[in-house]
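Following: one structure in C-alpha cells, then a few remarks.
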Amino acid sequence: MPQFQVSIHRPKGFVASEVSAEMRRTIDAVNDEMVAAGVRVFVGGLRPLDQAKALRLQPDGEILESDGGYLSTDEFVDGFWVLDVSDMDAALTWGRKAAVACRGDVEVRPFY
C-alpha cells in the first residue's frame with residue numbers, strides 16, 4: 001500500500017508543554033485507533049524550534065549552521081505520522097481525525 005505523511009502544523013509561539021490533558025487524550029485515542037486499524041507505520045513529535053539547527057549548503061561547498069528551523073515562517077511542523085493506507089482518500093480521513101485531535105492544521109502528502 002502507499003505511504004503518506006500526515007504532518008501537524010503549529011503557529012509560531014505554540015508551546016507543547018501547555019497542551020491540555022484533554023488534547024493529549026484525544027491524540028492518544030487517534031494513535032490507538034491508527035494502531036488498531038493497522039495503518040500507523042511511525043509517529044513522532046518534534047521538539048521546539050529553538051532546539052533545531054538548520055544546515056545550509058553554500059555555493060562554495062561550505063555548510064552554514066544556524067539556530068532554529070530552516071524556514072522563516074509563522075508556522076512549523078510539530079509532529080507527524082507515517083501511514084500505510086490504500087489511497088489519498090484514506091489518508092485524508094486520518095488527517096481529518098489528526099486535525100481534530102491536535103486542534104491544528106494538517107498536511108497530508110504521499111511518499112514516492
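None of these values were measured; they are calculated from a predicted model.
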### Message
Which heavy atom of W81 sits nearest to which heavy atom of C102, and what is that distance?
### Response
CH2-SG, 3.8 Å
### Query
Considering all heavy atoms of both residues, which atom of S7 and which atom of Q5 are nearest to each other, and what is their separation?
OG-NE2, 2.6 Å
### Query
Listed by chain and number, what are the salt bridge (Lys or Arg N to Asp or Glu O under 4.0 Å) partners of R40, not counting sequence neighbours?
none
### Query
Partners of E22 by side chain to side chain donor-acceptor pair (under 3.5 Å), sequence neighbours excluded?
R25
### Query
Taking all non-hydrogen atoms of both residues, which atom of F4 and which atom of V108 are closest, and how far apart?
CD2-CG1, 4.3 Å
### Summary
Looking only at heavy atoms, the pair that brings R56 and S66 closest together is NH1-OG, 2.9 Å
#### Entry: Under the salt bridge (Lys or Arg N to Asp or Glu O under 4.0 Å) test, residues paired with R47 that sit two or more places apart
none
Ignoring hydrogens and angles, write down the donor-acceptor pairs under 3.5 Å from the side chains of residues 83-93, residues two or more places apart or on other chains.
{"residue": "D87", "atom": "OD1", "partner": "D89", "partner atom": "N", "Å": "3.2"}
{"residue": "D87", "atom": "OD1", "partner": "A90", "partner atom": "N", "Å": "2.9"}
{"residue": "T93", "atom": "OG1", "partner": "D89", "partner atom": "O", "Å": "3.1"}

### Query
Does V77 share a hydrophobic cluster with V82, counting links as ILVMFWY side-chain heavy atoms below 4.5 Å and allowing steps through other members?
yes
#### Entry: salt bridge (Lys or Arg N to Asp or Glu O under 4.0 Å) partners for E107, two or more places apart
R109
#### Entry: Within 6.0 angstrom of F111 CZ, more than 12 heavy atoms from elsewhere
yes
#### Entry: Residues in side chain to side chain donor-acceptor pair (under 3.5 Å) contact with D74, at least two apart in sequence or another chain
none
